[in-house]
Amino acid sequence: MKKYENIKGTEALLISLIENGVDTIFGYPGGTIMPFYDDLYDHADKINHILVRHEQGAVHAAEGYARSTGKVGVCVATSGPGATNFVTGIADAMMDSTPIVCITAQINADKLGTNFFQEADMVGITRPITKWNYQITSASEIAETMARAFWIAKSGKPGPVVISITKNAQTERTDFCYNPEELLKGVATEKPKATEEEIRKAAELLNGAKRPLIVAGHGVVIANAEKELEELAEKGNIPVATTLLGISALPSDSEKLVGTVGMHGNIAPNAMTQEADVLLAVGMRFSDRVTGETHGYARKAKIIHIEIERAEIDKNIKSDLAINADAKETLGQIAKLIEYRDRQEWFDFAKKENDYEYQKIIAPELNSSDYISMGQVVAKVSQKTDAGAIVVTDVGQNQMFSARYSKFKHSRSWVTSGGLGTMGFGLPAAIGAKIGNPEREVIAIVGDGGFQMNIQELGTVMQSKIGVKIVLMNNHFLGMVRQWQELFYDKRYAFTRLDNPDFQKVASAYGIASERVLNPADLDGAVERMLKSPGAYLLEVAVKEEENVFPMIPAGATLSDIIYEKPEKK
């Protein structure tokens, strides 16, 4: 490992990034981070810097990059408001186990605690929403701190790390050698492993089950365990459902895939959860959006929980067999002991429920000629991209319709904000996904509410010539809030109606090609024109204003209380 003598802290920081394979950072310069940017100027051949228009956009872009590539995303901001603008994105990354390293500047160490201009205690502010955070006050700390930062961000259950670096630490000189193996001595770097007894018990439960169900979460994708999941399902003839963030872990055309569980999931996997005799949950944390009221969740099932983060085990749902281990290794070991079983009746149950959902909900949405349904838009985009695009969504009805109607051939093709539900996530996260996957089509599906929360990132698209395609489903409402107001608040639409700008003029101002679709008959051609257009494109679709996304598990209800339409008043 090369040793450097008497180099500046910023040079040491940049070498650390390069040694960790960082090729792109998303950021916004300012006063106290200026020394870093001055040295970054000389490393433009090694690190691509994407200038965002707001620091929140930088974090979401780093998330989109990380989620779609499997690498650690990196973002940079100055001190004070620049740093605090990171907070929402950091919380989002923590909830969704996204590995990012957020570097924020800080005032000189000798001024800390004096309420100096643009001082904000980022270590204190972000402690509850990070895997680890640390303030560097001397250049000599950079090597060990950065080695720990990248290891912690990507190890075990991944998540965000915040590194606050004082201005003096950036300008000080130090001798520097970046050797993670040496620097991480004393840090526990081994993954937890399943015991032989746990593997044997899991296989016995699955082999003896008449109605087993695998629920695959985001952890399957994080662990690169997609092949092992598929092998286990195929070998044992076991149906698989995914959580919202587990979507794309199996190809959409897999015969074993029965749909997505949860509040707006598919009817079949929710019903199967309630009828299963063995439920294998892997890489998921039993979120309330998956379980509904926990007292009524999977009451007939023996539950096997494979989870790398021990704190998640038995936190929300008590398991019968808890396996604190890596998903990839553990699924592979269980698969070796799994035996094929004829479960035709169980798959017929899934088909019956899915057929009912098609007739009750899907067919009316997709075949409407009187208005454009959000389902039609998403299905058309998926069809025209041959299920090969990376789909990045915002939060709300656009997100749920995208989850229901998007099709995927490849893993890491679905990027959305799950645990925190962050409006404004879609556009900047799509920017990050496109930067990380320049050869793939990246589609941002957004609503008119969330889009406007980070609409300024169209400037990033323009300046960096990022060829992301934006599908804006405009219903002039905060759609998901309006749906709840309709269903549970007697149609009292309190402050959810949106008077929007002319989005075509907005796109034009940023030099982005655009089109507006008003009629269902024009949708097909418009999507084709968007996909054939070089560079970025905004396709605005006027969708039905008061459309609801069903099925739905109401708040406070169990999976058995699923509704398919607006409930009648009692």
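Being a predicted model, the structure only gives us computed values, none of them experimental.
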With under 30° as parallel and over 60° as perpendicular, where do the rings of Tyr405 and Phe401 fit, or are they tilted in between? parallel
Polar side chain donor-acceptor pair, Gln485 to Thr496, under 3.5 angstrom: yes
Any carboxylate oxygen within less than 4.0 angstrom of a Lys/Arg side-chain nitrogen, looking at Glu312 and Lys157? yes
Residues 339-348 vs salt bridge (charged side-chain N to carboxylate O under 4.0 Å, His left out), sequence neighbours excluded, gives Glu339-Arg341
Are Lys227 and Glu231 within salt-bridge range, i.e. N to O under 4.0 Å? no
Is there a donor in the side chain of Glu546 and an acceptor in the side chain of Tyr493, or the other way round, less than 3.5 Å apart? yes
State, with a plain yes or no, whether a side-chain heavy atom of Thr69 is found less than 4.5 Å away from one of Asn437. yes
Going by atom types only, do Arg285 and Thr243 share a side-chain donor-acceptor pair under 3.5 Å? no
Taking atom types as modelled and ignoring hydrogens, do the side chains of Asn475 and Glu547 form a donor-acceptor contact shorter than 3.5 angstrom? no
Are more than 12 heavy atoms, taken from residues, nucleotides or ligands other than Arg200, located less than 6.0 Å from that residue's CZ atom? yes
Residue Glu181 excluded, over 12 heavy atoms near CD under 6.0 Å: no
Polar side-chain atom of Arg299 near backbone of Gln274 as donor-acceptor pair, under 3.5 Å: no
Check this for me, if you would: do Lys315 and Glu307 make a salt bridge, where the nitrogen-to-carboxylate-oxygen distance has to be below 4.0 angstrom? no
Is it true that a side-chain atom of Asp394 and a backbone atom of Gly424 form a donor plus acceptor pair closer than 3.5 Å? yes
Any side-chain heavy-atom pair from Thr422 and Met95 closer than 4.5 angstrom? no
Look only at the side chain of Lys235 and the backbone of Ala335, and say whether a donor-acceptor pair between them is shorter than 3.5 Å. yes
Donor-acceptor pair, distance only, cut-off 3.5 Å: does the side chain of Asn207 make one with the backbone of Leu337? yes
Looking just at side-chain N and O atoms, do Gln483 and Gln397 make a donor-acceptor pair shorter than 3.5 Å? yes
Quick one: do the Asn270 and Thr273 side chains pair a donor with an acceptor below 3.5 Å? no
Would you indicate whether Tyr489, at its atom OH, is surrounded by more than 12 heavy atoms from other residues, nucleotides or ligands within a distance under 6.0 Å? no
